[in-house]
Amino acid sequence: AERAGAVLRACREFGVKAEAYQCDVSDFSAVSETFKSILSDFGTIDVLVNNAGITCDRLMPMMKEDEFDKVIDTNLKGAFNTIKQVYSVFMRKRSGKIVNISSVVGLTGNPGQVNYAASKAGIIGLTKSVAKELASRGVCCNAVAPGFIETDMTASLKDNPLKSQIPMGRTGKPEDVANVVLFLASPMADYITGEVVRVDGGLAM
């Protein structure tokens with residue numbers, strides 16, 4: 001909430017109308033109500049970025065069913081829930097951008113992340129399928145696959161062996177991912193759809 005407030009203040013300083021909304025993306029009804037509020041406040045939606053994600057890492061034998069379900073429900077079903085809300089809006093407008101945040105582990109797999117890797121691989125299949133459904137309407141749907149990015153989620157993984165495998169020799173910054181998302185959400189990417197862009201310093205080459 002504090003970070004959202006800071007973004008809102010920055011936007012409003014530039015005279016931009018901005019609001020913050022909070023909901024559990026894994027809850028279809030909650031997502032539906034949130035998008036009703038957004039459409040009521042703004043009249044339309046132009047860009048959807050699916051960035052909500054959680055981890056619950058364990059080797060497969062120790063992973064509980066609910067730990068698998070929670071990650072799939074937030075990371076994968078959450079993206080389905082939000083895309084479902086903008087689908088008809090974008091169809092009618094004959095324009096719109098969807099950017100889904102996947103991960104390099106969705107491409108490569110990773111020990112101890114069966115649930116997370118499955119959810120992020122699912123995002124890629126979801127992205128390509130939605131891209132094919134909406135392409136004729138001028139709607140673009142792409143995915144970004146970050147590597148090891150310095151975030152709250154990776155703060156506890158300081159000694160992760162993946163770091164030594166990054167060809168560029170450094171971890172990524174959130175801005176590295178944000179710049180690609182911004183490009184894909186902009187008119188500069190109007191002829192790009194169904195693509196998965198790795199932002200990983202060469203990790204998954």
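Owing to the predicted nature of the structure, the values given are computational and were not obtained by experimental measurement.
- More than 12 heavy atoms of other residues, nucleotides or ligands shown are found within 6.0 angstrom of NZ on K17.
- Among I98, N100, V99, V47, the single residue meeting the side-chain contact (heavy atoms from CB on, under 4.5 Å) criterion with L184 is V99.
- Looking at S119, its side chain does come within 3.5 Å of a backbone N or O of Y116 through a donor-acceptor pair.
- Residues L59 and P111 share a closest heavy-atom pair of CD2-C, 4.4 Å.
- Side chain of S32 to backbone of F28: no donor-acceptor contact under 3.5 angstrom is found.
- Contacts classified as salt bridge (Lys or Arg N to Asp or Glu O under 4.0 Å) and involving residues 68-93 (residues at least two apart or in different chains) are given here: D46-K93.
- Using a distance-only test at 3.5 Å, with no hydrogens or angles considered, a donor-acceptor pair links the side chain of N75 to the main chain of I54.
- Here T171 contributes atom OG1 and L203 contributes atom CG; the two are 11.5 Å apart, rounded to the nearest 0.5 Å.
- Here the closest non-hydrogen pair linking P167 and G201 is CD-O, 3.3 Å.
- Exactly one of Q113, E67, K64, M63 qualifies for a side-chain contact (heavy atoms from CB on, under 4.5 Å) with C56. That residue is E67.
- For the pair T82 (side chain) and A79 (backbone), a donor-acceptor distance under 3.5 Å is present.
- Using a 4.0 Å cut-off between charged side-chain N and carboxylate O, R170 and D176 make a salt bridge.
- V199 and M205 are not part of a single hydrophobic cluster, where members link through side-chain heavy atoms under 4.5 Å apart.
- The backbone N or O of L48 lies less than 3.5 Å from no partner atom in the side chain of K97, so there is not a single donor-acceptor pair.
- A single hydrophobic cluster is not seen to contain both V49 and F42; linkage of ILVMFWY side chains at heavy-atom distances under 4.5 Å, directly or through other members, places them apart.
- At distances below 3.5 Å, not a single donor-acceptor pair connects side-chain atoms of T55 with backbone N or O atoms of D57.
- Checked by atom type and distance alone, the side chain of D27 pairs as donor or acceptor with a backbone atom of A30 at under 3.5 Å.
- Here the side chains of L126 and I83 are in contact, with some heavy-atom distance below 4.5 Å.
- Salt-bridge annotation for K36 and E33: present, with a side-chain N of the basic residue lying under 4.0 Å from a carboxylate O of the acidic one.
- Judged as a side chain to side chain donor-acceptor pair (under 3.5 Å), the pairs with a partner in residues 194-205 (not counting sequence neighbours) are, in order, R198-D200.
- The backbone N or O of A143 lies less than 3.5 Å from no partner atom in the side chain of S102, so there is not a single donor-acceptor pair.
- The two residues G106 and A121 come nearest to each other via the heavy atoms O-CB, 3.4 Å.
- Every residue was checked against the side-chain hydrogen bond (donor to acceptor under 3.5 Å, both in side chains) condition with R12, not counting sequence neighbours, and none meets it.
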Intermediate values then yes/no, side-chain contact (heavy atoms from CB on, under 4.5 Å), I45 and L39: CA-CA 7 Å; I45 298 171; L39 288 167; 3.9 Å; yes

Check against side-chain contact (heavy atoms from CB on, under 4.5 Å), F148 and Q165: CA-CA 10 Å; F148 201 105; Q165 299 171 30; over 6 Å; no

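- Closest non-hydrogen pair, F14 versus A10, comes out as CD1-O, 3.2 Å.
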Verdict with supporting geometry, N142 and I192, side-chain contact (heavy atoms from CB on, under 4.5 Å): CA-CA 8 Å; N142 293 290; I192 300 173; 3.6 Å; yes

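- Shown here for V139 and T193, the closest heavy-atom pair between the two residues is O-OG1, 4.0 Å.
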From CA spacing to verdict: side-chain contact (heavy atoms from CB on, under 4.5 Å), V89, F35: CA-CA 11 Å; V89 176; F35 274 77; over 6 Å; no

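- F80 and L76 end up in different hydrophobic clusters when Ile, Leu, Val, Met, Phe, Trp and Tyr side chains are linked at under 4.5 Å.
- Y21 and D41 share a donor-acceptor pair across their side chains, judged by distance under 3.5 Å alone.
- Residues I149 and V181 fall within the same hydrophobic cluster, defined by Ile, Leu, Val, Met, Phe, Trp and Tyr side chains chained together at heavy-atom separations under 4.5 Å.
- Within the 4.5 Å cutoff, the side chain of V177 has no heavy atoms near those of the P174 side chain.
- In the hydrophobic clustering of this structure, V114 groups with I72; members are Ile, Leu, Val, Met, Phe, Trp, Tyr whose side-chain heavy atoms approach within less than 4.5 Å, directly or through other members.
- The OG atom of S129 sits 11.0 Å away from atom CG of L134, with the distance rounded to the nearest 0.5 Å.
- Between the side chain of N51 and the main chain of I101, no donor-acceptor pair closer than 3.5 Å is present.
- In this structure a side-chain-to-backbone donor-acceptor pair under 3.5 Å is missing from K128 to C141.
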